[in-house]
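For reference, the structure discussed in these notes is given below.
First listed ligand is number 1; within each ligand, the first listed atom is number 1. Keep in mind that the numbers below use all heavy atoms, side chains included, and drop hydrogens, waters and symmetry copies.
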Amino acid sequence: MKIRIDRGVCAGHALCAAKAPEVYRLDDEGYCCSDGEVVPVRLHAQARLGAQHCPEAAIFLDDEGEAAQPPEA
Ligand code: F3S
């Protein structure tokens with residue numbers, strides 16, 4: 001899972017980091033700066049929770065990473 005932040009939409013509400021502090025980071029001005037970061041499997045639920053609480057819907061979670069992984073033998 002990879003995080004995509006629409007920086008043009010993020011308004012610095014910081015609920016993402018409040019709900020999922022292990023996943024989302026804020027820059028010095030309080031805007032989310034986790035764009036492009038890969039979320040480890042153990043934090044996927046937290047990542048979704050934080051995204052759901054963003055009032056601006058600025059967070060998108062890209063699941064392509066897992067789909068591209070080869071199945072275990
Ligand atoms: Fe921005 Fe939404 Fe987080 S507005 S700081 S991405 S809660």
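- Inter-residue side-chain proximity for Leu26 and Tyr31 is flagged as unmet; no heavy-atom pair is nearer than 4.5 Å.
- Partners of Arg7 under the salt bridge (Lys or Arg N to Asp or Glu O under 4.0 Å) rule, at least two apart in sequence or in another chain, are Asp27.
- If you count the protein N, O or S atoms nearer to atom 3 (Fe) of ligand 1 than 2.8 Å, you get 1.
- Taking atom 4 (S) of ligand 1 as the reference point, the nearest protein heavy-atom neighbour is Ala11 N, 3.2 Å.
- A pairwise comparison of heavy atoms in Val38 and Lys2 identifies CG2-CE, 4.1 Å as the closest pair.
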With salt bridge (charged side-chain N to carboxylate O under 4.0 Å, His left out) as the criterion, how do Glu37 and Arg4 come out once you've worked through the C-alpha distance, each side chain's angles and the decisive distance to 0.1 Å? CA-CA 8 Å; Glu37 292 182 5; Arg4 296 283 177 211; over 6 Å; no
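- Counting heavy atoms from C-beta outward, Arg48 and Met1 have side chains that approach closer than 4.5 Å.
- Counting only heavy atoms from C-beta outward, the side chains of Tyr24 and Ile3 approach each other to under 4.5 Å.
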